[in-house]
Chemist: 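Here it is, the structure in full.
So you know, we letter chains A, B, ... as the sequences are listed, proteins then strands, and number each from 1. Note that the coordinates shown come from a computational prediction; the quantities given were computed from them, not determined experimentally. All heavy atoms count here, side chains included; hydrogens, waters and symmetry mates do not.
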Amino acid sequence: MKFLVQELLAAAAARAWPNIDIPSAPHIERTRDAGHGDFASNLAMTLTKQARRNPREIAQAIVDELSDDERIARVEIAGPGFINFFLAPAVFRATIDEILDSGDQYGRSHAGDGQKVLIEFVSANPTGPLHVGHGRGAAVGDCLARLYEATGWDVTREFYYNDAGVQIDNLAHSTQARCRGLTPDDAGWPEAGYRGEYLVAVAQAYLARETVAADDREVTGAGDAEDLAAIREFAVAWLRREQDADLRAFGVQFDVYSLESALYSEGRVAKTVDALVAAGHTYEAEGALWLRTTDYGDDKDRVMRKADGGFTYFVPDVAYHRAKWERGFARAINEQGADHHGTIARVRAGLQALDIGIPQGWPDYVLHQMVTVMRGGEEVKLSKRAGSYITLRDLIDEVGRDATRFFLIARKSDSQQTFDIDLARSQSEENPVYYIQYAHARICSVLRQLDEKHMPFERMQADYSRLESEHEQRLITVLSRFPETVVTAAEDSAVQTVPHFLREVADAFHSYYNAQKFVIEDASLRNARIALVMATRQTLANGLRLLGVSAPEQM
RNA sequence: GCGCCCGUAGCUCAGCUGGAUAGAGCACCGGCCUUCGAAGCCGGGUGUCGUAGGUUCGAAUCCUACCGGGCGCACCA
């Protein structure tokens, strides 16, 4: 609906002012005040400089060129030069049919035009269970993926991890110590080893020669406490399996797993270094090989090859992203914790220095800020080494998958968040997710009632013109905003706008529910109301699906 | 010290590609179940939009400085 007004306006403006650059999608917004119509545009005001006229004159010229369209009832020029559009009531009512006809496709669009986008998220190294921060990444990343799918993109969900570095060595040594029956405070426990109890189970399974299968690997324990390489393989597979299980319980799955070790074994790291040297952006100093990332906006140059001959982690990062580019992803989004923001500038700089045509701002980053967990009125510290922290699994078990996902998505990802477990549990009824799910369940209940009373829905009988109450108008208007909400949420990576929107839908519906009856004799009115309510149910279900939250038929 | 993010009602947060009187929820008070589910609805008030400047016809929104909080600033990953 918004897009319709936008098109008409752009066309009229182009006719009125052929010599001026008119944006193809001029700024249009929903009005807050019904007296200002349904949509308003400030286009005329933005053209004052170019047109050298006052905004009201410009607006008048545009309005004069607006083509007649039965869907637009009236256009007004108001205030300093706003163009206000009043839509024909039939347009709003047509939304109901549009939703019912589209079904689970309502809200989907083709803006992405089938282009490939790679969304990398979670990417936790397999050294321990996933914690709440990973949960936020999983919720946000998966929601982004769903938003991109809904707007016509060909989405790949990817998980990148390191199975061979220093941290994994540490994991192997810690597991080996557990195999030998050591505990963290014993003599001989590896320095800075992972102290978590979870490694006891890993050690036992390894010694018992169990087979573990993660989504991307399968390993059988060798049972030999002296074989560090075998322990490493086994521990990685075990923890990957745990992560996969937790993610699956959270409703998140990946299409591709990428290994840092593969970048080495496939020669991509070496190739990247060679390419950077060949491009002339490197120099040797203090025994190390440096990349002049400052040429590309980084605040200092970065070491690529250390004095000891090893590469810094920055090199595989660049090699990895180069591979993403070469795989054909003109758009790539990295969802990660804000504590990694320092790597953004240097990864992009490294990609620029390759001189292979990668755009400056590629890839995109969506960062999420820290989640502080509160329990019993106290902050729970996230210390992996001490082994005491709230895992994603704990949260799912305690507050449920739906509430956890909803909660982690409901606020802007670049704001810090406090997750109060006690609050989420004890007041779970007041959690907004239930408010929305309840609206859905309530509608299903109404439909069941009608079924029992043998009042089947007959769309041909519905007279939408009888949906005149304020509640009905408001509900229809809110529902009509869904498609543009999805587009904007995807474009801006603003996942929190979806839960917000759903809150409004539920709000409009609950008010309506309390004000009007649906099980009534008057068939033309009844069917119209049922149509509206069914459209509401569909919109709620589609919106909840974007969040990965269930839409229950009863609660 | 440098960089990034945040600072909106008592609390938790929307709104931020500038727009017409700044919005929700929670909490608090008072109503509403013989009628489609009260996990609901209706009514009641709350703001120096961190501070100070600047740009603009117009600033919570953009710019600058400062204050406060968080996170980064390795030849660790």
Chemist: Over all strands shown, is Asn84(A) touching base, sugar-phosphate only, or nothing at heavy-atom distances under 4.0 angstrom?
Modeler: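 The residue Asn84(A) makes base contact.
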
Chemist: Glu29(A) or Arg448(A): which one's nearest nucleotide on RNA chain B is closer to the 5' end?
Modeler: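 Closer to the 5' end of RNA chain B: Glu29(A).
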
Chemist: Heavy atoms under 4.0 Å, any strand shown: does Gln516(A) hit a base, just sugar-phosphate, or nothing?
Modeler: base

Chemist: Do nucleotides 57-65 of chain B as a string where each nucleotide becomes B, S or -: B if the base has a protein heavy atom under 4.0 Å, S if just the sugar-phosphate does, - if no protein is that close.
Modeler: ---------

Chemist: Which letter, B, S or -, goes with each nucleotide of nucleotides 72-77 of chain B from 5' to 3', with contact meaning a protein heavy atom under 4.0 Å?
Modeler: SSSBSB

Chemist: If you draw the axis of the six-membered ring of Phe407(A), does the NZ or CZ of Arg411(A) fall within 45° of it and under 6.0 Å from the ring centre?
Modeler: yes

Chemist: Suppose you measure atom C1' in G23(B) against the same atom in A39(B); what distance do you get, rounded to whole Å?
Modeler: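 About 24 Å, rounded to a whole number of Å.
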
Chemist: Have a look at Ala345(A) and say if it touches a base, only the backbone sugar-phosphate, or nothing, with a 4.0 Å heavy-atom cut-off.
Modeler: nothing

Chemist: Please tell me whether Glu452(A) and His454(A) have a donor and an acceptor in their side chains that are separated by less than 3.5 angstrom.
Modeler: no

Chemist: Suppose you measure atom C1' in C26(B) against the same atom in U34(B); what distance do you get, rounded to whole Å?
Modeler: 33 Å

Chemist: Answer yes or no: is there a donor N or O on one side and an acceptor on the other, between the side chain of Gln352(A) and the main chain of Val347(A), under 3.5 Å?
Modeler: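 A pair under 3.5 Å: no.
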
Chemist: Applying side chain to side chain donor-acceptor pair (under 3.5 Å) to Asp301(A) and Tyr283(A), what does each step give before you reach the verdict?
Modeler: CA-CA 10 Å; Asp301(A) 292 338; Tyr283(A) 60 92; 2.7 Å; yes

Chemist: Toward the 5' end of RNA chain B, which comes first, Val519(A) or Ala494(A), by nearest nucleotide?
Modeler: Ala494(A)

Chemist: Hey, is C33(B) sitting syn or anti, using the within-90° cutoff around 0?
Modeler: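 It is syn.
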
Chemist: Does Arg474(A) pair with Asp507(A) as a salt bridge, N-O distance under 4.0 Å?
Modeler: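 A salt bridge links Arg474(A) with Asp507(A).
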
Chemist: Nucleotides 5-14 of chain B: which of its N/O atoms have a protein N/O under 3.5 Å away?
Modeler:
residue, atom, partner, partner atom, Å
C5(B), O2', Gln369(A), NE2, 3.4
C5(B), O2', Asp414(A), O, 2.6
U12(B), O2', Arg411(A), NH2, 3.3
A14(B), OP1, Lys412(A), N, 2.7
A14(B), O2', His500(A), ND1, 3.0
A14(B), O2', His500(A), NE2, 2.9

Chemist: Would you say His321(A) and Arg348(A) are linked by a side-chain donor-acceptor pair, where the criterion is simply a distance under 3.5 Å?
Modeler: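 Side-chain D/A pair, Arg348(A) to His321(A): absent.
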
Chemist: Are the side chain of Arg503(A) and the backbone of Pro432(A) linked by a donor-acceptor contact shorter than 3.5 Å?
Modeler: no

Chemist: Please say whether the positively charged group of Arg346(A), taken as NZ for Lys or CZ for Arg, lies over the ring of Phe314(A), i.e. under 6.0 angstrom from the six-membered ring centre and within 45 degrees of the axis.
Modeler: no

Chemist: In chain order, what residues pass the side-chain hydrogen bond (donor to acceptor under 3.5 Å, both in side chains) check against Tyr264(A), with sequence neighbours excluded?
Modeler: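 Applying side-chain hydrogen bond (donor to acceptor under 3.5 Å, both in side chains) to Tyr264(A) gives none.
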
Chemist: What I want to find out is whether Lys324(A) reaches Glu158(A) closely enough, with some N-O distance under 4.0 Å, to be called a salt bridge.
Modeler: no

Chemist: Any N/O pairs under 3.5 Å between the protein and nucleotides 41-45 of chain B? List them or say none.
Modeler:
residue, atom, partner, partner atom, Å
C41(B), OP1, Tyr435(A), OH, 2.4
C41(B), O4', Asn514(A), ND2, 3.0
C41(B), O3', Ser511(A), OG, 3.4
C42(B), OP1, Ser511(A), OG, 2.8

Chemist: Using a strict threshold of under 4.0 Å (side-chain N to carboxylate O), is an ion pair present between Arg240(A) and Asp163(A)?
Modeler: no

Chemist: Applying a 4.0 Å non-hydrogen cut-off, can you work out what Met555(A) is touching in the nucleic acid: base, sugar-phosphate, or nothing?
Modeler: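 Contact class for Met555(A): base.
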
Chemist: With pairs defined as Watson-Crick or G-U wobble and both distances under 3.5 angstrom, please note down RNA chain B as a dot-bracket string, | for pairing with another strand.
Modeler: ((((((((.[[[[.)...(...]]]].(((((.......))))).....[[[[[..)....]]]]])))))))....

Chemist: Determine the interatomic distance between P on G1(B) and the same-named atom on A9(B); round to the nearest Å.
Modeler: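 My reading of the P atoms in G1(B) and A9(B) gives 29 Å.
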
Chemist: Is it true that, when you exclude Glu57(A) itself, more than 12 heavy atoms of the residues, nucleotides or ligands shown sit nearer than 6.0 Å to its CD?
Modeler: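 Correct, the count exceeds 12.
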
Chemist: Scan Leu547(A), Val478(A), Leu546(A) and name whichever one has a side chain to side chain contact (heavy atoms under 4.5 Å, CB included) with Leu502(A).
Modeler: Leu547(A)

Chemist: Does Arg537(A) pair with Glu553(A) as a salt bridge, N-O distance under 4.0 Å?
Modeler: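 Salt bridge: no.
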
Chemist: Check the pair Arg529(A) / Leu467(A) against side-chain contact (heavy atoms from CB on, under 4.5 Å), numbers first and verdict last.
Modeler: CA-CA 7 Å; Arg529(A) 286 181 176 168; Leu467(A) 300 176; 3.9 Å; yes

Chemist: Taking the cut-offs as 6.0 angstrom to the six-membered ring centre and 45 degrees off its axis, would you call Arg30(A) and Phe39(A) a cation-pi pair?
Modeler: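 No - Arg30(A) does not lie over the ring of Phe39(A) by the 6.0 Å and 45° rule.
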
